[in-house]
Structure formats: C-alpha cells, structure tokens
Amino acid sequence: MGLTTTLGNALSGMSATQRGLEVVSRNVANSGTPGYHRQTLALLDGQNANSSYAKTAVVQRAFNGALQVHYTQEVADAAAADVTARYLDRLQTLFGRPGDAISLDSVLGKFANSLQALGTSPESHTVRAEAVGAAQALAERLQSLSSAVQGLRQETEAQIGSAVTTLNTTLSALTDVNRRIVGQGGDAAAQAALLDERDRLVSQIAEQIDVQASYRNDGSVALMTRTGVGLLDGQASTFTFQPAGRIGASDLFSADGAQNGVGSLTLTTPSGLTLDLVGQNVLVSGTLGGLVTLRDKALVAAQAQLDEVAAGLAQALSSVTVPGMPAASGGGDGLALELGQIQPGNDFTLTYTQNGNPKAVRVVRVDDPAKLPMDTTDASGQRVIGLDFSGGAAGVAAGLGLALGPGSGLQLGASSASALRVLDDGASNTTNVTGLSARVTVGANQDAGAALSLFVDGAGGAFTNSLDGAGQKLGFAARITVNGAVLADNRLLVQSSSTGSVAETARATQLRDGLNGARFASLPSQGGQRLSGTVADLVAQTLNLQGSAASAAQASSQTRTMTLQALDDRMQGEYGVNVDDEMARLMELQNAFAANARVISVVSELLDALLAI
Amino acid sequence: MIVNRAMFPIQTGFQQITGMQQRLATLQVQLATGQKAASLAEMGNDRVPELAIRTRQSAIAGYQASIGTVELRLEVASQVMSRLDKIESEARSSAIGGAGSSGVNMAALPGLSRARLDEVLTLLNTDVAGRHLFGGGKTQDKPVAGSAAILDGENGRDGFASVANQRRLADLGDGLGRLGASVSGASVTLSEDGAHPFGFKLSTVSSTSAAVSLVEPMGTAQDQLSVSFAANPIAGETVSIALTLPDGSSSVVKLTAVTGAPQPGEFAIGIDAVETAQNFKQALDETLTALGKTVLPAASNFAAAENFFAGQGQPVLRVDGPPYETATALVAATAADTVLWYGGEDSAAPRQSVTARIDESTQVSYGVQANEHGIVELVRSLAAMAVETYPAADATAPERFAALADRQRLRLAESNDGQAGSLEVIGMELGIAQSTLGHAKERHTAYKAQLDTMLEELSSVTTEEVAMEMLALNTRLQASYQATAMVMQLSFVNYVK
C-alpha cells in the first residue's frame, strides 16, 4: 500500500514534470515568435482516497488586459502618424528647399527679375523671350506641384483600397479564431495558441483602424471603433471601398453621394446597416484615418495654397483698377463707378468714414444664385459681400444698401444704367465717401490697358477668380498656362496698343509693379490656412506652411514611435520569454524528474525485494 | 509596418543604436554640404527668415542686372556728348571771320563742315545692341537721317540744299530783300512788300539831321517808313535804317550825306530836297542790293536751317511755292516732299522719355533726344555752312563767308551753355544719372554682402560644433556596441552543461 502510493506519487510527479518540460520547450522554441505570450504551468496538489499527489492544473498564459488596451490604442495612433509623416515628407521634398533651382520662390524670383529686365530693355527680343521662358517655367512648376499633390491623393485612395482588403481578411480570420476559441474544449496548449493568434489579429486590425477591444471571459473578443461603431461581435462587419478613379483638384469629398468626387468608404454591419465612414466621421486614427485625413484635409489644403498662389499671380498681372469719378447730387457728394467691365469674380471696394471711423467693404460679382447671399470676411479682415450684377447698377445699389444696413449713412443709387453712385449724407456730414474703385480683369491683349492676361486658365480663357459653382480658383494651379497669344508673339509683353512701338515701357512697368505690389487675401475655403500679402508673400507662406506641417508630422510620428517602443518593452517584460529563466526552470525540472525516477527505481527495487521473498 | 511580425524583432536597445548611427550619418552630410538642413521640413524656424533673405537677394540681383545694362548705355551716351562738344568747339574756332591767309579757310570750310555734319549725324545714330540712344523713347529706329539724304535730298524729296535755296530766293525777292523804295517829292518811303516772314523787316529809322523828318515803322505787318527831307541836310549827317534779317539778326543801313560824288553808303546832296531825296533813294537801293547779295543769303541760310532742323515741339517748315520770289507763307513740310531730318520721339521732357528702375524707389532718367537745343544748333550751323560755296572768283564771297562765320560763332558760343538742352547741360544730366547709378550699385553691393553673411549664419553649420558632436556620438556609439556585445554573450545557456 505504502509502496503503491509512493509509486503513484512519483509517477504523478514525473508526469507533471513532463508537462512542465513540454511548456518550457514550447516557451524556448517560441522565444522569438512575435506575439507569443509566455506560458507557465500551474501545479496543484490533489487528494484522492489514498494519498495526495501532484496534479497539473492549467497552462497559464501571460496576459495583461490594461497593457493590451493601451497597446491597441497606441498602435492605431502610431500608424496614423506614420502614414501622415511619410506622405507629407514626400510632398515637402517635391517643394524643395528655398534657394534650390526648383523651389517655387527661386522660380518666382527669376520671373520677377525677368520683368525687371523687360522694363529696362523692352525692345530686345532676347529679353522678351527670357521673360516668356521664365513665365512658362513658373506655370510649369505650379502645374507639376499640383499634379504631385493630386498624385499623392490618388495614392492614398489606392492604399485605402489595399488597407480595406487587409482589414476584411483580418476581420474574417478573427471571426474564425473567435469561434474556435469558444468552441474549443480543453486542450490548453491549443487554446493558448489561438489566444495568441487572436491578439495578433487584433493588433493588425488596430493598425488599420482605431479599435477598442473587449475581451470576454470565454476568450473571444469583441471589436468596436473608438467612436462606438461595432466591427466584430460574433459576426464581422464588412468594409467596402469604391475608388473614384482619377482624382483631380476639383474632386472633393461631399456627404451627398451624387456630388462626391472621391472614393467612398462604407461599413456594412451583419444586420445590413450601411454606414459612410468618412461622412459620419467614424475614423479617428489608424492607417485608414490617417489616409482619409490626408486625402480630404492635408493635401486639399496644400492644393488650396497652390491655387492661391496661381490665382494671385494671374490677377496681379491682369488686373486693371477702374477708379470712381466724382459725383454729386442733391447736396451729397461722393463717387460714381462704371460697373460694365466687372466680370464674375472681379470686385470693387468702397471706403468711407462714418463719424470719423474708417470703414471698407468689398463687393464681388457672383453670378451663381447658389452662392448668394454671401457676406463673409477675408484673410485681411475686410468684409466681403457677394452680389448679383444682373439687375444693373440699380440692383447692385439695392443689394449693397441691404448689406450695409440703414444706419450706414450713405446714399446708394445708380447714376446711369451701369454706373453705381455712392454719396455721403450731405448736410448732416457724418459720413464721407473716400474711395470707390473696381479691380477688373483686362478685357483684351491689346488696346485695353497696360495690364496683360499673361497667365490664363487653360480650360476657359482669362482668369477672373469667379466664385460661381466650385470657384474658378479650385484647381487653377493645375490648369495655369501662359497666354498662347504671348507665346506666339512675345511683343505682346511690351506693346499695349496695336499701333504702339516695341520700345515703350508702359506695359512692362505695369506688369512689374503689379507683380510686386498687388496684395491678396484669401476667403475662407475648405483648405484651412488663409494666406495674405503679395504674390511673393503667398509663396513664402505656402512653403512655410508645408515645411512646418511636414516637420510637425515627423515630430509627432517620432514621439508616437517612441511611446510604442516603450510599450513594446513593457510587453516584452510581461509576455516575453526570458531564455535564462526557462533554462533555470529546465534544470529544476530535470532534477525533479531525476529525483522522481530515482524514487520509482527505489520502489521498484523494494518491490523486487518483496517479491523475491 | 507598425505591428512587427518579424521573428526576433529588434529590441529597443538596438533601435537606439540605429538612431545614433542615423544621427552620425546626418552629421556627416551636414559637414560635407555645410548646410544645417537638407530639406524644407528640417529647416524649422529658420524657414521664414531664410525665405525673406533669399527674396531680397533675388531682387537685388535683378536690380544689379538692370544697372549693368544702363551703365553701358550711359557710358556710350556720355562719350558721344563729349565728342559733340569737341566738334562744336572745333567748328566755332574754325569759323574765323576773315578769309584766312590766301582764302584757304574760306574754300575749305564748307567741305569741312559737311564732313563734321556727317560725323555728328553718325554719332546721333549710335546704338547699343540695336537700341538707339538719341531718339528719346523711340529706340528701335534711327533718330536722324543720313547726311547725304538730309543735305541733298533723296527719292524726289527735297533736302536742305533745295529748301535753303528756296528760302534765299524768297528772302531776296526781286533783289531788294522784299522791300520797295519809292520817292514822291522830297519824301522817300521804304515799305515791305507784304505780310510774310521773308526778306528784310523794317525795325527803326533815325537820323542825325535836323532837316529830315521821319515816320517810324509801326511794328505791324507790311510795315513802311518814310524819310522826308524838309531841306537839304548838311554833309556828314546820316540817316540810319535798322533792318531785321530773317534769322533774327539785324543790320543797319547807314547813309551819309555828302556833297560830292557818293561812294557806297553815301548819298549826294542835291540842289534841292527833291533831288536829295532821289539821290537818297538811289543810294538806298544800291545799299540794299549789296546787302541782299552778302548778308541776306547768310541770314536766309540760318532761317532755313531753323525751319528745316526743327527743334523740340516745332514743325518742319519750308517756303510755300513755286514761285519762291513772291512767296508769302511758310508751309509745313511733309514726309512726301521733304526729307524730315529727325524721326525720334519729340517730348517736352527728353530725359524722362527713357527711365530705368534700379532700386525699390530709385529711377534713373537717361533719355536724350537729337532735337534738343544744343544738338540741333550744332547741326543747323554745320548744315548752313555746308550748303554754300565760296569760289575765289566770286566778288561777294568774302563778305558772304564773313556773315556766315559770324553767325556760326555766335550760335556755337560757350555763353549758350547755360540754356536747357545745351550740350553741356545734357552732358551734366547724364553725369548725374551715372553718379546715381554708381551710388545705387554700391548700395546694392553692400546690402548683398550683408544678406549673404546673414544667410550664411542662418543656414550654415559651424564646422567645429559638428565635429564635436560627431566625436561625442562616436564615443557613445562605441560604448554602446561594447556593452551590447557583452550583454548578448551573457546567457545561461552557455553555462548549462
């Protein structure tokens, strides 16, 4: 009896040791496997009718719920920061360093200098040809930067597509794993391997899209985005991405499906509910979130800045200022302005003082009824009103009066069918009209003034900065070209009248002064950052914004990566296999096994001795 | 990939070493290029000042290029002006009144003047790289025609020689310079034959004799004066009639009463006042005829020169005719019938006709027009001298030459230098432009040097700093390598038998 018990104990000890060796060997074998959680064997002593013996309880897998949650969050953020940093880095490399030959500020500087030389030697064909060449180089640079930005947007769409495919595959694999975890019975080793696979898959999903994982008691996991949309709970939702084909500057995101110009990213839940992920702002982080932000915000802002530069360039050279003429009627005096030359997008500015306070308002001609009423502030703080000019000067006067309100103290009227007249309040003398002048695009290449439409909109003729529809400025940097008439005959650069001579400097002076002196201020747009100043200022601001966006993204990415590494270290400590520990355990098990074997052999000898009696 | 699926992912310790190696590589690049930042993003806060500095540098480069071009043009223009000045003084000093020893001067001067005129017109057509400097704003075409075309005409259009000839005929009229003398009783009336700009114009009349009563000319068109002899004058008393010539100079006809046979410039006292008057008229006729052959042609030439070589803002005029002897008006010359000498720009402010911007708000004005006062006077004098000849056989030649030479000296005198548009004033204004240019050039050079220094400080690395950091990094890297190698070898596996 005693001997049998001893034998039984020793045998149970040996089998427990064997199980332990199994675990140790598994740990050691998987010491380098990513995502492997260290397993340990828990032993209990059990009791049966005869004796107490060693019983293996369960193989325990190292797992820290809080750490895992933190890790899942950090992976998503690091992925978003990484993808943003990579794309913006490529963009800023394309912009070039200030002073490089390809940098926008050098090309603009060369163009400005060529206009300066044009003023000194307008009759020289070489100088004119150089000016045209510099203009072409500038237009070409803007176009290539535009196409680079749009190319990056196109790439983000491609990458969204592949991320969606990966996501769908991973989600379905995770569903499968979940099922097997729940359905699996007792084999602890298989269970542990499945749990490892589960954690690996959750991390992969977290890289693509920000998730919150909740771990059930049975080992399965349920996934939900940070904004609360369920991804996986027993059954997985499916992501679908409909790419938009070729993306241009005018293809922007719109919640209205018919107007949406970019690809649409949707989520279909198992119950059949379809969700527009971008429209509902579901994506917060992760690669998908980063890509969508790039496509719809960061790169669109870059394009908007390029468009501002291009628009400023075209308008600086082609704008003619039409001043108002003095006018008086019935006691009040002021100014009258001819509105006939104002095209959609051109504007006029009214400055007056009321009780000594200077006020100014800019009125833009807007033909698109969908944009009206328009009353906003531009980047320099000036009030901008959009009006419909189809009612002639009388209609404009009425609209302006409505916008300024009855307390403005001005008399607005029409001195003829096409001339607006603004008068002060006459005898009460609280207001005084100080300025009324229009900024219009020059009507023809010659005999229409000293300005010249040197840069035109490749699709539609002269650039008037029309605000109708999507706005002529949207994507203008991709369409800007040098006026074909100037390419054919570069004397147009200096000859402002068809009967003039090539030696006159009026037009060259106007072009140079326009480029250096015209100031612009952008209206609120989708782009985000607002620029203001001369064309050179716009370029400098654009380069500055792109550079700082890129460096901010890189800094953010580095910070996140370092945080992730710190978490990695912690996880390595909690879940990782320390080979030295395993070796020590191995030695202990070896000794235990040898001891148990010794006990068995001793019992065997004793039994032999007993039987030999 | 963020989530690492590689076997034995690199531990943080190793990643730090990789980071240090990358930093070392960056420092190497900095040392090699001398630039702190290799791309736009790396520039950080230096971006804004560097952009501003580069914009300014680019603007200065543009201005410097302009200055270079204008400097060349001003230099050429200045040299032309000094040569013109020299020609002016040569012309003035060779216009000696006398015939010169053995008439050499008289015979040579027309040819010499023609040669000088040729040189002046060629100088006025100077161009720098196809850009003519003396046409004001019209720099594409030659401002003045060639001397052969101007003097002799071409293609059926009249040149100066014909126009001057016509003017001489118009001024001479029938020999008395468009004046007519008539005597009735004891009174002699001298009258202009019409209201026109040609010929002698009566200015004043005076007398030292008490026996003579005078009716002064009234200063109107078609003037007349009369000299009435109440009694016979005493011998030696004079009657002086001042005449204005077509070119604005004046001449005095002084007739002295004598008792015997009269010489040129004298009239015989007759028996009574009537005969004296008749003698007076005869003497007047003779004197006027003599003047008409000597002084009048010179004056006519210069008058024609003033009309043909029109100055700023004036039209080219010629005598309306034929017939020329009885012409009564000047008519504007057209390009179809006359060679127009000047084809450049005609503006009231010649210097402002060509300007160049050499700094933010600094301009140089360096336009010169060939029809400015000083230049056109020189051309007129040379042309007037060139169209006449003075053959030795001609008795009137010396006096004609003297009249012309006097006028030339007067017009080219240094006392005219103070007038606006004279050669000296033009030269001085060009000199002022050159000095403005020089100052701007110095300013730009100094400013550019400052900007270069600032840019260098901003964007360049200090070699010493980079080297120090590289050394320190090198030490840390080596220590890390050593420590990592030691730690890696420390494994229990090595000690388990």
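To find a chain, count down the sequence lines: A is the first, B the second, and so on, and within it residues start at 1.
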S.K.: Can you tell which part of B:A52 gets under 4.5 Å to a heavy atom of chain A, answering side chain, backbone, both or neither?
M.R.: neither
S.K.: Counting only N and O atoms by type, is there a donor-acceptor contact under 3.5 Å from the side chain of B:R54 to the main-chain atoms of A:P98?
M.R.: yes
S.K.: Is the closest basic N to carboxylate O distance between B:E42 and A:R97 below 4.0 Å?
M.R.: no
S.K.: Does any backbone or side-chain atom of A:T93 lie under 4.5 Å from a heavy atom of chain B? Answer side chain, backbone, both or neither.
M.R.: neither
S.K.: What heavy-atom pair brings B:S66 and A:T120 nearest, and what distance separates the two atoms?
M.R.: OG-OG1, 3.0 Å
S.K.: Taking A:N544 for its side chain and B:R47 for its backbone only, find out whether a donor-acceptor pair lies under 3.5 Å.
M.R.: no
S.K.: Give, as side chain, backbone, both or neither, the part of A:R200 having an atom under 4.5 angstrom from any heavy atom of chain B.
M.R.: neither
S.K.: Can you tell which part of A:Q554 gets under 4.5 Å to a heavy atom of chain B, answering side chain, backbone, both or neither?
M.R.: side chain
S.K.: Walk me through whether A:S501 and B:E345 qualify under side chain to side chain contact (heavy atoms under 4.5 Å, CB included).
M.R.: CA-CA 11 Å; A:S501 88; B:E345 185 181 354; over 6 Å; no
S.K.: Tell me which one of B:R131, B:H132, B:K138 satisfies side chain to side chain donor-acceptor pair (under 3.5 Å) with A:E123.
M.R.: B:R131
S.K.: List the steps and the verdict of side chain to side chain contact (heavy atoms under 4.5 Å, CB included) for A:T561 and B:Q15.
M.R.: CA-CA 11 Å; A:T561 310; B:Q15 277 172 342; over 6 Å; no
S.K.: Given that the side chain runs from C-beta out, which part of A:V579 has a heavy atom under 4.5 Å from chain B: side chain, backbone, both or neither?
M.R.: side chain
S.K.: Just wondering, are more than 12 heavy atoms of other shown residues or ligands nearer than 6.0 Å to NZ in B:K36?
M.R.: yes
